[in-house]
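A short worksheet on the structure shown next.
Small disclaimer: the values here were computed from a predicted structure and weren't measured. In what follows, every chain begins at residue 1, and chains take the letters A, B, ... in the order their sequences are listed.
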Amino acid sequence: MRRFGLIRERIALLLKEAIQRAQAKGALPPVAVTEVALERPQKPEFGDYASTIPLKLSRAARMSPMAIGKAIVDEVSSTDLIGKVEAVPPGFINVTLSESWLANQVDAIIAAGPAFGDIALGRGVRMQIEFVSANPTGPLTAASGRGGALGDTLANVLSAAGFEVEREYFINDAGSRMEVFFQTVYARYAQALGQAEDVPPEGYHGTYVSDLAQEILREYGDRFLRLPRERATEEMGRIALDRMVGAAKRDLADMGVRYDCWFSEQSLYDSSLVKKTLELLRSRGFTDEREGALWFTSSALGEDKDNVLVRSNGAPTYFASDITYHYNKFLIRNYDQVIDILGADHQGHVPRMKAGVTALGVDPDHLTLIVHQMITLRRGDEIVRMSKRTGDIVSLREVLDEVGPDACRFFFLSRSADSQMDFDLDLAKRQSNENPVYYVQYAHARIASILRYAGDVDFMTGNVTLLVSEPEQTLIRKMLQLPELVEIAATRLEPHHLPYFAQDLAAVFHSFYKQCRVVSDDLELTRARLKLVEAAKIVLAKTLALMGVAAPEQM
RNA sequence: GCGCCUGUAGCUCAGUGGAUUAGAGCACUGGUCUUCGGAACCAGGUGUCGGGGGUUCGAAUCCCUCCAGGCGUACCA
């Protein structure tokens, strides 16, 4: 797969070489220059890239920023890439890309095809990203949708950035919540058969459990009532669990979320890995027995408290499973980097997991925990609570059915993980026509339509050097930002920049379309512009693909 | 109490220490004029960047403090 060197890096190198030459000639004092940072100026008249290096060197060099700027600019070697480079007050160096180089990039984009935007940042580093991993004790909630969109998109972005990414869902099919869930299913089943059974006090009161019990009753009859209670609870529970996991898989698949692996928590017990991991922690001196329980002495690793691994009743906690799970990730499957995406309601898990992997002898920097804030669901002014235990659920399924997967993903992705999110279901439905996702998709459909309209015009021979008008160059500039966007999203683990870029790109395309007739009597210009349109389609489709949003040929 | 996150336009939100006027979408108003898809384009304006200090040549951005909201702070997950 072909990957492109970033324009920004090429320019930074040119500036750095210029500085070295200026220093060699004595035009600049030999002060140390670590890196030449480049930014994208807010305004077009300031060029495509700008550096503040003169301002930063001013003090050490004991020269005015403008004098430094001029000394550097004088030494920048001329290339086909740069059209103009100038020093401007108070001490910026502004770089403008050359018209002809920009025009030629249209050919480069078409040659790259769907690989355009891919970069060589990851260099094959093996990375695992785990997300959603919701308890299979009920349907996925809308909140899980946020984790799903975030994790799946981040995985797409990291793959595009050259990481070797595997996506995983941790199925919490063991432990105390599971027992309570099994008992709840049994109670509802028994109730359906006229028995006086109560849902356990900490049980799940949602109607979905009753539905599930009815379903089991229809398919299996009353046979579980004739089995010993413990065995019936276990067997029926396993059936219910399978259905819940199956539903989660369907919901996520319908949202376009893909997984490479669904990993069972129970398997960690079945293979005795939990026991082995606890032994390891014990032998390394990170455990302590107090009040009949086994504690992880995380306070010795800088955490503010210790955490229970095995309760005094002998049952391991979820934390014991999760450390074991990370033992598996790091020491059995040997991932170089692991990312866990959690909801804010699990933020307390972050410091102890960091301490946990440290105790395993793993560099905690190899584990990144991304915490996304909660979403508040509303229907108009009414706030909707989401809890599987109370049964007051807005399921992901419901949101998908109401809003559709594309709008759903686009919406979830449009906010940074750090921000709480308001999701008004009424509004999302009512405004579906005004949702930015349609604006972006419309641009893609319009492009496809233009290409259809052009019919059999063979534009692959088009001469892109004709593409020098302002709307054309603006569109090319915007398209060329995609690789940098991938870099930013991948290094900062922030996929929320994608929807904004998609909107910008669509807007720039619509504006171009309005100003430039594509298919006209001028055959040469038509061919060139069709190439540009084709390139725009590639870039827009790639952006949408990274977000997991459909790129329709027509709407 | 302590910890994490947040506070930017009427609403929902972007904003990697930099450029006399801090951005986008929605909503609102007016225009385009519609032979390639009008689900479009163009033009309009509001901000004590929560308050107050500090660092810096320069702060929405970094530090301190206060206020407000969300979440966490279990032998739950």
Side-chain angles (χ1 to χ4, degrees), chain A residues 37-43 45-46 50 52 55-56 58-59 65 88-92 94 133-135 137 172 175-178 180 202 290-295 304-319 321-322 342-351 371-376 388-389 411 414-424 427 431 433-436 438-443 445-455 488 491-492 494 496-497 499-500 503-504 506-507 509-520 526 529-530 533 554-555:
Chain A
L38 287 173
E39 59 194 53
R40 315 270 330 198
Q42 312 293 337
K43 302 184 181 183
E45 59 263 36
F46 295 143
T52 58
L55 289 163
K56 296 207 165 90
S58 177
R59 179 173 294 179
V88 297
F92 294 94
N94 291 343
S133 298
N135 263 339
T137 53
N172 304 134
S176 60
R177 295 306 334 161
M178 202 39 50
V180 173
E202 289 294 301
R290 292 198 298 268
E291 299 149 20
L294 183 69
W295 294 73
D304 53 4
K305 61 179 173 44
D306 292 344
N307 290 277
V308 172
L309 291 163
V310 182
R311 302 176 183 86
S312 52
N313 69 4
T317 61
Y318 176 78
F319 180 50
S321 302
D322 213 10
L342 313 172
D345 52 340
H346 290 77
Q347 69 188 236
H349 206 51
V350 173
V371 176
H372 70 257
Q373 297 303 308
M374 301 281 83
I375 69 176
T376 305
K388 286 174 193 173
R389 296 188 203 181
F411 191 89
S414 296
R415 281 124 181 100
S416 83
D418 287 337
S419 293
Q420 287 163 236
M421 183 190 287
D422 258 20
F423 199 142
D424 185 335
L427 197 66
Q431 285 199 332
N433 273 359
E434 295 148 20
N435 193 310
Y438 295 108
Y439 177 79
V440 176
Q441 289 182 317
Y442 177 74
R446 186 179 237 183
I447 288 170
S449 172
I450 295 167
L451 294 173
R452 279 195 301 272
Y453 179 84
I488 289 170
T491 53
R492 284 150 62 170
E494 292 177 350
H496 73 269
H497 301 290
Y500 292 94
Q503 283 177 86
D504 280 354
F509 178 79
H510 284 312
S511 181
F512 154 80
Y513 173 85
K514 196 73 179 180
Q515 296 174 74
C516 300
R517 174 84 202 177
V518 177
V519 179
S520 67
T526 297
R529 285 186 171 163
L530 282 171
V533 169
Q554 50 193 347
M555 295 172 69

Practice prompt. For nucleotides B:rG18 and B:rA60, find the distance between their C1' atoms and express it as a whole number of Å.
Written response: 13 Å
Worksheet item: Hey, is the side chain of A:Tyr513 poking within less than 4.0 Å of OP1 or OP2 on B:rA39, counting only N and O atoms?
Response: no
Worksheet item: Looking across every strand, which nucleic acid part, if any, lies under 4.0 Å from A:Ser449 by heavy atom: base, sugar-phosphate, or nothing?
Response: base
Practice prompt. Check every strand shown and say whether A:Ala445 touches a base, only sugar-phosphate, or nothing at a heavy-atom separation below 4.0 Å.
Written response: base
Discussion item. With rounding to the nearest 0.5 angstrom, report the CG to OG1 distance, A:Leu309 to A:Thr317.
Written reply: 5.5 Å
Discussion item. Please give the distance between the P atoms of B:rA19 and B:rU61 as a whole number of Å.
Written reply: 13 Å
Worksheet item: Taking only residues two or more places apart in sequence, or in another chain, which ones meet A:Asp306 in a salt bridge (charged side-chain N to carboxylate O under 4.0 Å, His left out)?
Response: A:Arg290
Worksheet item: Within less than 4.0 Å of OP1 or OP2 of B:rA40, is there a side-chain N or O belonging to A:Ser511?
Response: no
Practice prompt. Give a yes or no on whether the ring-centroid distance for A:Phe512 and A:Phe509 is below 6.0 angstrom.
Written response: yes
Practice prompt. For RNA chain B, list all stems, counting runs of three or more consecutive pairs where every pair is Watson-Crick or G-U wobble with both distances under 3.5 Å.
Written response: B:1-7 with B:67-73, B:10-13 with B:23-26, B:28-32 with B:40-44, B:50-54 with B:62-66
Discussion item. Base, sugar-phosphate or nothing for A:Asp345? Non-hydrogen atoms, less than 4.0 Å.
Written reply: base
Worksheet item: Reckon A:Thr317 has a side-chain N or O less than 4.0 Å from the OP1 or OP2 of B:rC76?
Response: no
Worksheet item: Across the strands shown, which category fits A:Ser312 at heavy-atom distances under 4.0 angstrom: base, sugar-phosphate, nothing?
Response: base
Discussion item. Holding to side chain to side chain donor-acceptor pair (under 3.5 Å), I want the full list of residues that pass it with A:Ser321, two or more places apart in sequence or in another chain.
Written reply: A:Glu265, A:Tyr269
Worksheet item: A:Gln441 near the nucleic acid: base, sugar-phosphate alone, or nothing, with a heavy-atom cut-off under 4.0 Å?
Response: nothing
Check: protein-nucleotides 17-20 of chain B nitrogen or oxygen pairs below 3.5 Å:
residue	atom	partner	partner atom	Å
B:rA19	N6	A:Asn94	OD1	3.0
B:rA19	N1	A:Asn94	OD1	3.1
B:rA19	N1	A:Asn94	ND2	3.1

Worksheet item: At under 4.0 Å between heavy atoms, what does A:Gln515 touch on the DNA or RNA strands: base, sugar-phosphate, or nothing?
Response: nothing
Discussion item. Taking any heavy-atom pair under 4.0 Å as a contact, classify A:His349: base, sugar-phosphate, or nothing.
Written reply: nothing
Worksheet item: Looking at residues at least two apart in the chain, or sitting in another chain, which of them share a ring pair (Phe, Tyr, Trp, His ring centres under 6.0 Å) with A:Tyr500?
Response: none
Discussion item. Applying a 4.0 Å non-hydrogen cut-off, can you work out what A:Ser520 is touching in the nucleic acid: base, sugar-phosphate, or nothing?
Written reply: nothing
Discussion item. Tell me whether the rings of A:Phe411 and A:Phe423 are parallel (<30°), tilted (30 to 60°) or perpendicular (>60°).
Written reply: tilted
Worksheet item: Base, sugar-phosphate alone, or nothing: which one does A:Met421 contact when heavy atoms must sit under 4.0 Å apart?
Response: sugar-phosphate
Polar atom pairs between nucleotides 5-8 of chain B and protein, under 3.5 Å, N or O only, would you list them?
residue	atom	partner	partner atom	Å
B:rC5	O2'	A:Asp418	O	2.4

